[in-house]
Protein chains: 2
Amino acid sequence: MDESTPAPAEAAPRMHIGDIAEATGLSQRTIRHYDEVGLLPATTRSEGGFRIYTPADLARMLVIRSMKPLGFTLEEMGSLLDTVDTLAGDPQNAPARALLADYLQRATEKRNKLALNLERADKFIEDLRGR
Amino acid sequence: MDESTPAPAEAAPRMHIGDIAEATGLSQRTIRHYDEVGLLPATTRSEGGFRIYTPADLARMLVIRSMKPLGFTLEEMGSLLDTVDTLAGDPQNAPARALLADYLQRATEKRNKLALNLERADKFIEDLRGR
DNA sequence: ATTCAAACTTACCTTAACGTAAGGGTAGAG
DNA sequence: CTCTACCCTTACGTTAAGGTAAGTTTGAAT
């Protein structure tokens, strides 16, 4: 078993799916789904098959959590994350730059829609209070 | 044809589905769906089968539009609207009162979640801008 | 080492809320 | 009557979950 265990030099905390669910507020079912569709694969698995996540995985999941209410599809979210990764390694990558700009615009539009929805919700609630 | 036309005493504007779609920003498909499931039936139909909506229908649709981003199911939205109708005619109706209070609480919680999502979205966008 | 409860897995099924496509009818202006 | 914009229905598909059941794994406690 020792021969097959990764080097313990990796001191990063390892988390199970329950930990991620608690940290993000997403359901385990959702997180498994994201693994299955490739949006956020677990970094690795225990010998018994448990998903094992790293802090980087958690960070990525938190980004996903931010994008989700904006209405991006799972595929779009994956694509954007890949794009950001690409730019981290190659800031001059023109196609990635263009894609990022596109996402930024759409995110802004969707954000504005979200703000509008919030405004409408507040009016709705206020109206309901008067009943 | 004149004999079969409703009395022109009804001066309320009549709208087709396209008008409602434009006024609300919802898709025609969505509006038809709401008719089919009974959430917002068209008041009537033309002889040719076209859905005909009234301003009251439109007002109801706008309420639905406010609730939708809060994540209520179609059934819940219908139920709340019925409850509000009940209370309009019978403000002392205890079960309706209780139900309204329940919906109000849930709407407030969901509103708060929406506000949190907006906050997260803003941070996400700001982060994206720095890339 | 053993036990055990909590946590996890897979696989299959279901669901809500539409979107899309195909084919056809309606309404009203000209 | 023609024509164009609009509308209809039906049926199938899509997306993103959620539920459930049966079986396995994990790790702390003893």
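Reminder, nothing fancy here: chain letters follow the sequence lines and each chain counts from 1. Heavy-atom basis, side chains included; hydrogens, waters and symmetry copies ignored.
B:I20 places its CD1 atom 15 Å from the C1' atom of D:dC6, with the value rounded to the nearest Å. Residue A:E36 contributes atom CD, which lies 9 Å from atom C1' of C:dT10 at whole-angstrom precision. Across the protein-nucleic acid pair, A:E76 atom CD and D:dT15 atom P stand 11 Å apart, rounded to whole Å. Between B:H33 atom NE2 and C:dG19 atom C1' the separation is 11 Å, expressed in whole Å. Rounded to whole Å, the distance from CZ on A:R51 to P on D:dT25 is 15 Å. The separation between B:R65 atom CZ and C:dA17 atom P is 18 Å, rounded to whole Å. For the pair A:Y53 OH and C:dC8 P, the computed distance is 10 Å after rounding to whole Å. Rounded to whole angstrom, the span from the CD1 atom of B:I17 across to the P atom of D:dC6 amounts to 13 Å.
DNA chain D is contacted by both A:F50 and B:I52; B:I52 maps to the nucleotide lying nearer its 5′ end (nearest heavy atom per residue). Two residues, B:S46 and B:F72, neighbour DNA chain C, and the one matched to the more 5' nucleotide by heavy-atom proximity is B:F72.
Formation of a donor-acceptor pair under 3.5 Å by the A:R65 side chain with backbone atoms of A:T24 is found in this model. The backbone N or O of A:S79 lies less than 3.5 Å from no partner atom in the side chain of A:D82, so there is not a single donor-acceptor pair. Of the possible polar contacts, one joining the A:E76 side chain to the A:T73 backbone as a donor-acceptor pair under 3.5 Å is found.
For the pair B:R45 and D:dT9, the criterion of a side-chain N or O lying under 4.0 Å from OP1 or OP2 is met. Within the structure, every side-chain polar atom (N or O) of A:Y34 is placed at least 4.0 Å from both OP1 and OP2 of D:dA16. Using a 4.0 Å cut-off, no side-chain N or O of A:K68 falls inside it from OP1 or OP2 of D:dT15.
Among residue pairs with one or both ends in residues 38-88 of chain B, those qualifying as ring-ring contact (aromatic ring centres under 6.0 Å, His included) are B:H16-B:F50, B:F72-B:Y103; sequence neighbours excluded.
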May I have the step-by-step check of side chain to side chain contact (heavy atoms under 4.5 Å, CB included) for A:L100 and A:L80, ending in yes or no? CA-CA 7 Å; A:L100 182 69; A:L80 178 72; 3.9 Å; yes
Start with the C-alpha distance between B:D127 and B:R131, add both sets of side-chain angles, then the distance that settles salt bridge (Lys or Arg N to Asp or Glu O under 4.0 Å), and finish with yes or no. CA-CA 7 Å; B:D127 183 47; B:R131 308 258 182 174; 2.9 Å; yes
Report the C-alpha separation of B:K113 and B:E109 in whole Å, then their side-chain angles, then the decisive distance to 0.1 Å, and conclude whether the salt bridge (Lys or Arg N to Asp or Glu O under 4.0 Å) test is met. CA-CA 6 Å; B:K113 183 67 193 296; B:E109 286 166 11; over 6 Å; no
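Across residues 21-32 of chain B, B:S27, B:R29, B:T30 each have a non-hydrogen atom less than 4.0 Å from an atom of DNA chain C (numbered order).
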